[in-house]
Amino acid sequence: MENLKKKILDEVRKNIILDTHKLGVTGKEVHGCILSLASRDIIEYEKQERYLPEITEEGKDVLRNGSHEFAFYSSIPDTGLLVSDCASYTIGKAIAFKKGWVKKEGNRIFKARADVVDEIRAKLQDLGFLESKELEMLRKRKLLSTRKECYYIVRRGKNFDEACQDLETEITSQMVVENRIPNLKPFNFSTYGTAIEFGSLHPLKKMMREIKEIFLCLGFTEMDTSHYIDTAFWNFDVLFQSQSHPARSPSDTFYVNAKKEVPEVPKDYFDRVQRMHEAGGLGSVGHRSSWSPEEAMKLVLRTHTTSESARNLSRIAKGPFRPRKLFSIDKVFRNESADSTHLSEFHQIEGLIIGKGLRLEHLMGILEEFYVRMGLRKIKFKPAYNPYTEPSMEVFAYHEGMNTWMEVGNSGIFRPEMLRPMGFDEDVRVIAWGLSLERPAMIKYNIKNIKELLGHRVDIDFIRKTPICSFK
Ligand code: PHE
C-alpha cells in the first residue's frame with residue numbers, strides 16, 4: 001500500500017493529472033490508496049468507469065480458425081458442396097449467403113466470389129481500432145463481452161506538497177553523528193496503535209479469585225478438591241445417599257468405565273458406611289435396604305464437590321476436635337441436557353463450618369454475609385430436601401438489575417448418618433453449602449447464554465475484554 005501510494009504521488013507530481021489505469025494496477029488496492037490520500041487532502045480525484053471488451057471463448061475460436069462464415073466459405077471446393085452435406089455449418093452458411101460469398105445452383109453450393117476477406121477475424125485481432133458500432137456487432141455475435149473497469153483521474157490536493165516531502169519517522173544515530181536535524185513527521189495522536197497481544201484470565205477465573213478472597217477474609221481454608229473422577233462411595237454413599245436414589249442413575253451421573261486406580265477407601269470406614277445404610281445405628285434406622293460394595297466402588301465424574309467435603313471431613317474426624325471453616329471452588333459434572341443456563345460441566349462454590357452448637361441461623365448468617373460481599377444484598381431461603389442434610393435450604397438471591405430472584409445454591413446441616421460413621425462426636429455440627437459459580441458470573445458479565453462463558457464456542461476476544469471482577 002505504501003509503495004503504491006508513493007507511486008501515485010510520483011506520477012501526479014510528474015504529470016499533474018494521472019489516469020490510474022496507466023499504473024497497471026486496478027481494483028481495490030488503488031481504491032484504498034486513493035481514499036486514504038484524499039482523506040488527508042493530499043490529492044483530489046474523480047472516479048471513472050469504462051467498459052473494456054474481452055474476447056469470449058467463441059471469439060478465441062474465431063481467432064484460431066476464422067469466422068463461421070469464412071470457415072464455411074473455405075470448405076467449399078471448386079466442384080461445389082452438396083446442400084445435404086452442409087448441415088453442420090448452420091450459422092456460417094446463413095451469413096455467407098447473406099454476404100453474397102456463396103450461391104446455390106441445383107442441389108449444390110458454390111463460391112460466388114474469389115476475393116473474400118475474413119474481416120470478422122481481422123476485427124477481433126485489432127480491437128483497439130474498432131468503432132463502437134463494430135464492437136456492438138461483435139458483442140451481439142457473442143465473440144466479445146464487456147468488463148466494467150473503474151479508474152481514477154487524480155490531481156494534486158491542497159496538502160500535496162507537504163506529503164511529498166520525505167519526512168523522517170525516527171531519529172537515528174547517523175543523524176546525531178552528522179549533527180543533522182531531521183525533518184520529522186509530526187505525531188498523529190488521533191490514531192490507534194497496533195493492538196498488543198496479551199494473555200488474559202478467563203472471567204470465571206477472575207470471579208474465582210474474588211470469591212476465594214472473600215472466604216479467606218472470613219477465615220476459611222481452601223480444601224483439596226483434586227478428584228474429578230471419584231468412587232460412587234465418596235460421591236454418594238458416604239453422604240448417606242441411598243443406592244436406589246434416582247440421582248445415581250446414568251441419566252443423571254456420568255459413570256467412568258475404567259478399572260484401574262480406584263482411589264483407596266479405608267476399610268473400617270467403608271464397613272461403617274455400609275452398616276449405616278443397611279441397619280442404621282448411632283440413633284438412626286438407616287435405609288434398611290441392602291448395600292452393594294461393588295456399586296460403591298464404581299467410578300463416576302463427581303456430580304458435586306460435596307464428595308470432597310466428605311473426604312476432608314472424614315480425615316478431620318480422626319483428629320482431636322477443633323472448629324474449622326473450609327471452602328473450595330471447583331468443577332463438577334452432570335448428565336444434563338445443555339440449554340442456555342445448563343452445561344454438563346460447571347463449577348461449585350462449596351463450603352462448610354465444623355463447630356459445636358451450630359444452628360440453622362449460623363448457616364443463614366454466613367451465606368448472607370457471603371452474598372453481601374458479592375454485591376447481592378437480598379437473600380432468601382426455601383426449605384428443601386437433600387439426602388445428606390437436615391434441615392436443607394435452597395438459597396435465592398435477588399438480582400437488582402434483572403429484578404428477579406434466582407436460585408444460587410443449596411445448603412443444610414449435615415446429617416448424623418453422614419458424620420457419625422466418620423467418627424465425629426454426637427455434639428459436632430457441620431453446616432454446609434454448594435453454590436453456583438456460573439450464575440453470578442453470567443449476571444456480573446451480562447451473559448445470556450452459558451455457552452458464551454464456557455466451552456469451545458467462547459470467543460477469545462470476549463475473554464480478553466472482560467473487565468476485572470470486582471464486587472464493590
Ligand atoms: N451438593 C449440593 C448440590 O450439589 C449442595 C450442597 C452442599 C447442599 C452441601 C447441602 C450441603 O446441590
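Given the structure is predicted, the values throughout are model-derived calculations rather than measurements. In each ligand, atom 1 is the first atom listed, and ligand 1 is the first ligand listed.
Less than 4.0 angstrom separates some heavy atom of Thr389 from each of these atoms of ligand 1: 10 (C), 11 (C). Of all atoms in ligand 1, numbered sequentially from 1 with element shown, those under 4.0 Å from a heavy atom of Glu350 are 7 (C), 9 (C).
Ring centroid separation for the pair Phe321 and Phe424 does not come in under the 6.0 Å cut-off. A ring-centre distance under 6.0 Å is found for Tyr152 and Tyr45. In this structure, Phe233 has its ring center closer than 6.0 angstrom to the ring center of Phe270. A ring-centre distance under 6.0 Å is not found for His245 and Phe236. Residues Phe381 and Trp405 place their aromatic rings such that the two centres sit no closer than 6.0 Å. Under the 6.0 Å cut-off for aromatic ring centres, Phe333 and His304 do not qualify, their centroids lying 6.0 Å or more apart.
Here the side chains of Ile329 and Thr225 are not in contact, with every heavy-atom distance at 4.5 Å or above.
Of the protein's non-hydrogen atoms, the one nearest atom 2 (C) of ligand 1 is Tyr388 OH, 3.1 Å. At the top of the distance list for atom 6 (C) of ligand 1, counting protein heavy atoms only, stands Gly434 N, 3.6 Å.
Proximity of Ala432 to ligand 1, defined as any heavy-atom pair under 4.0 Å, is shared by backbone and side chain alike. When heavy-atom distances to ligand 1 are checked against a 4.0 Å cut-off, Asn386 comes that close only through its side chain, counted from C-beta outward. The backbone of Trp433, and not its side chain, has at least one atom closer than 4.0 Å to an atom of ligand 1 (non-hydrogen atoms only; backbone = N, CA, C, O). When non-hydrogen atoms are compared, ligand 1 lies under 4.0 Å from the backbone of Asn410 as well as from its side chain.
In terms of polar-atom proximity, Arg334 is counted as a contact of ligand 1, with an N or O under 3.5 Å from an N or O of the ligand. Ligand 1 has a nitrogen or oxygen under 3.5 angstrom from a nitrogen or oxygen of Thr306. Note: an N/O pair closer than 3.5 Å links Gln348 and ligand 1 by distance alone. Between Thr303 and ligand 1, no pair of N/O atoms sits closer than 3.5 Å.
Geometrically, Lys47 does not engage Tyr151 in a cation-pi contact, judged by NZ or CZ lying under 6.0 Å from the ring centre and within 45° of the ring axis.
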